[in-house]
Participant: 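Please read through the structure below; I'll follow up with questions.
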Amino acid sequence: MADTDTRIQPRKKGLTRRQRRRLSRGAQYVVFVAAVLAFAFSADWGRLKNQFAQLPIAEQMFPDIITLALKNTVLYTLSGFVVGLVLGIVVALMRLSSVGPYRWLAGIYIEIFRGLPALLIFIFVGVGVPLAFPDVQYPGGTYGKVAVALGLVSAAYMAETIRAGIQAVPKGQMEAARSLGFSPARAMISIVIPQAFRIILPPLTNELVLLFKDSSLVLFLGVTLEERELSKFGNDLASTTANSTPILVAGLCYLLVTIPLGFVVRRMESKSQEAIR
């Protein structure tokens, strides 16, 4: 009888999968909060404030940091983006060309300029080209140099993005345009590329964010006081005041632009995913 009672007793079950997941998540939260508290109580906030948060020094930066440094940073970024976009379209079309040398040249360009650090490209544009071609002058002076340097940096990445977007457009679109009497070039420009840009708009906007940060390399070209961008402006004032507050303020100005652009990218990506569904 005792054996029968033992057999009919229900077996004790362990934690369910959901309970284990909740327990694991709770443990992660505890570890995270503990790490934050350990950092908060171990940091010397007084020294950090003295070095990075001096309000009188920050006040000296306005309004020049907005009307001069941020304005120049935006101009550098937009000019580099335009040059990179135009060059990227050309390289992408060369990459898709049926002519072998065009494909080879585009492939070589993409591999070289994606592999080189952006700093080396800035040095090449600012120092190498003037030494090799003394009579060549960049239109717009420093602004032209920056546009070329940033354009060369971004065009290699944009070319691959644009190529992928063009290949994502259904081939029937080109065939339909040709049946209506469009030439291959006109069909590509009027029909295929506009559809491709709707597909690749989020990654292109993300490239704009990256260019905005890469514009900090302008300081290696040697700029005047009126041509300084955010990083150069903050670094100069930090050297003058022997304090890092200007660098922190310059970083916050970068975030004023990059955070909204990042939000725009996420919104466009979510909308494109909804359109696919």
Side-chain angles (χ1 to χ4, degrees), residues 51-52 57-58 60-61 64-88 91 108-160 204 206-258 261:
Q51 186 63 27
F52 289 96
I57 296 177
Q60 297 176 18
M61 303 177 68
D64 288 347
I65 193 171
I66 302 297
T67 59
L68 176 68
L70 182 58
K71 180 198 72 174
N72 283 336
T73 302
V74 172
L75 290 176
Y76 292 148
T77 303
L78 293 179
S79 60
F81 184 80
V82 171
V83 173
L85 183 60
V86 173
L87 184 57
V91 174
I108 292 171
Y109 172 85
I110 290 171
E111 293 302 324
I112 289 177
F113 283 91
R114 283 200 309 182
L116 286 176
L119 174 59
L120 294 183
I121 298 175
F122 269 80
I123 295 174
F124 169 75
V125 170
V127 180
V129 172
L131 288 176
F133 306 97
D135 297 330
V136 174
Q137 297 293 329
Y138 290 98
T142 301
Y143 292 94
K145 289 182 184 179
V146 177
V148 172
L150 287 176
L152 291 174
V153 169
S154 61
Y157 296 94
M158 288 190 190
E160 287 294 88
L204 285 183
N206 193 52
E207 182 64 29
L208 181 63
V209 175
L210 296 177
L211 275 183
F212 187 78
K213 294 185 294 183
D214 285 341
S215 65
S216 61
L217 297 173
V218 170
L219 62 92
F220 291 98
L221 295 178
V223 295
T224 65
L225 292 177
E226 296 300 318
E227 295 169 342
R228 290 179 297 173
E229 41 70 53
L230 284 172
S231 293
K232 177 66 173 172
F233 185 89
N235 186 61
D236 287 350
L237 194 56
S239 300
T240 303
T241 60
N243 191 275
S244 299
T245 299
I247 296 177
L248 177 63
V249 176
L252 294 176
C253 289
Y254 277 104
L255 294 179
L256 287 176
V257 177
T258 57
L261 280 177

Participant: For residues Ala238 and Pro246, report the shortest heavy-atom separation together with the two atoms involved.
Facilitator: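 What the structure gives for the nearest pair is N-CG, 3.8 Å.
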
Participant: Give, for atom OG1 of Thr241 and atom CD of Gln60, the distance between the pair rounded to the nearest 0.5 Å.
Facilitator: 7.0 Å

Participant: Within this structure, what is the CG-OG1 distance for the pair Leu237 and Thr245, rounded to the nearest 0.5 Å?
Facilitator: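 Taking CG in Leu237 and OG1 in Thr245, the distance rounds to 9.0 Å.
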
Participant: May I ask you to decide if Ser231's main-chain N or O and Asn235's side chain share a donor-acceptor pair within less than 3.5 Å?
Facilitator: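 Between the backbone of Ser231 and the side chain of Asn235 there is no qualifying donor-acceptor contact (under 3.5 Å).
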
Participant: Which residue pairs satisfy the side chain to side chain donor-acceptor pair (under 3.5 Å) criterion with at least one member in residues 217-229, sequence neighbours excluded?
Facilitator: Thr142-Glu227, Thr224-Glu227, Arg228-Asp236, Glu229-Tyr254

Participant: Short question: side chain of Tyr157, backbone of Phe113 - any donor-acceptor pair under 3.5 Å?
Facilitator: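 Looks like no, no N/O pair under 3.5 Å.
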
Participant: Apply side chain to side chain contact (heavy atoms under 4.5 Å, CB included) to residues Leu204 and Leu85 and explain how you reach the verdict.
Facilitator: CA-CA 9 Å; Leu204 285 183; Leu85 183 60; 4.3 Å; yes

Participant: Please test Val83 against Leu150 for side chain to side chain contact (heavy atoms under 4.5 Å, CB included), starting from the C-alpha separation and ending with a verdict.
Facilitator: CA-CA 8 Å; Val83 173; Leu150 287 176; over 6 Å; no

Participant: Give me the atom names and distance for the closest heavy-atom approach of Pro130 to Val125.
Facilitator: CD-O, 3.4 Å

Participant: Are Val218 and Lys232 packed together at the side-chain level, in the sense that at least one heavy-atom pair is separated by less than 4.5 angstrom?
Facilitator: no

Participant: Can you tell if the side chain of Phe220 reaches within under 4.5 Å of the side chain of Val127, non-hydrogen atoms only?
Facilitator: no

Participant: Just wondering, more than 12 heavy atoms not from Phe124 lying within 6.0 Å of its CZ?
Facilitator: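 Check fails, neighbour count at 12 or below.
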
Participant: Do Leu261 and Phe212 make a side-chain contact, defined as non-hydrogen atoms from C-beta onward lying under 4.5 Å apart?
Facilitator: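 A side-chain contact under 4.5 Å is absent here.
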
Participant: For Leu225 and Leu68, which heavy atoms make the closest approach, and how far apart are they?
Facilitator: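 For Leu225 versus Leu68, the nearest heavy atoms are O-CD2, 3.5 Å.
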
Participant: Donor-acceptor pair, Thr73 side chain versus Leu230 backbone, under 3.5 Å?
Facilitator: yes

Participant: Of the non-hydrogen atoms in Leu221 and Gly126, which two are nearest, and what is the gap between them?
Facilitator: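 Taking every non-hydrogen atom into account, CD2-CA, 3.6 Å.
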
Participant: Quick one: closest heavy-atom pair of Leu70 and Cys253, and the distance?
Facilitator: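 Scanning both residues completely, I find the closest heavy atoms to be CD1-O, 4.4 Å.
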
Participant: Between Tyr109 (side chain only) and Leu152 (backbone N and O only), is there a donor and an acceptor less than 3.5 Å apart?
Facilitator: yes

Participant: Please examine the side chains of Phe122 and Lys145, heavy atoms only from C-beta on, and report whether any two atoms are closer than 4.5 Å.
Facilitator: no

Participant: Ile247 and Gly234: which non-hydrogen atoms are nearest, and at how many Å?
Facilitator: CG1-O, 4.1 Å

Participant: Measure the shortest side-chain to side-chain distance between Ile66 and Lys71 over non-hydrogen atoms and say whether it is less than 4.5 angstrom.
Facilitator: no

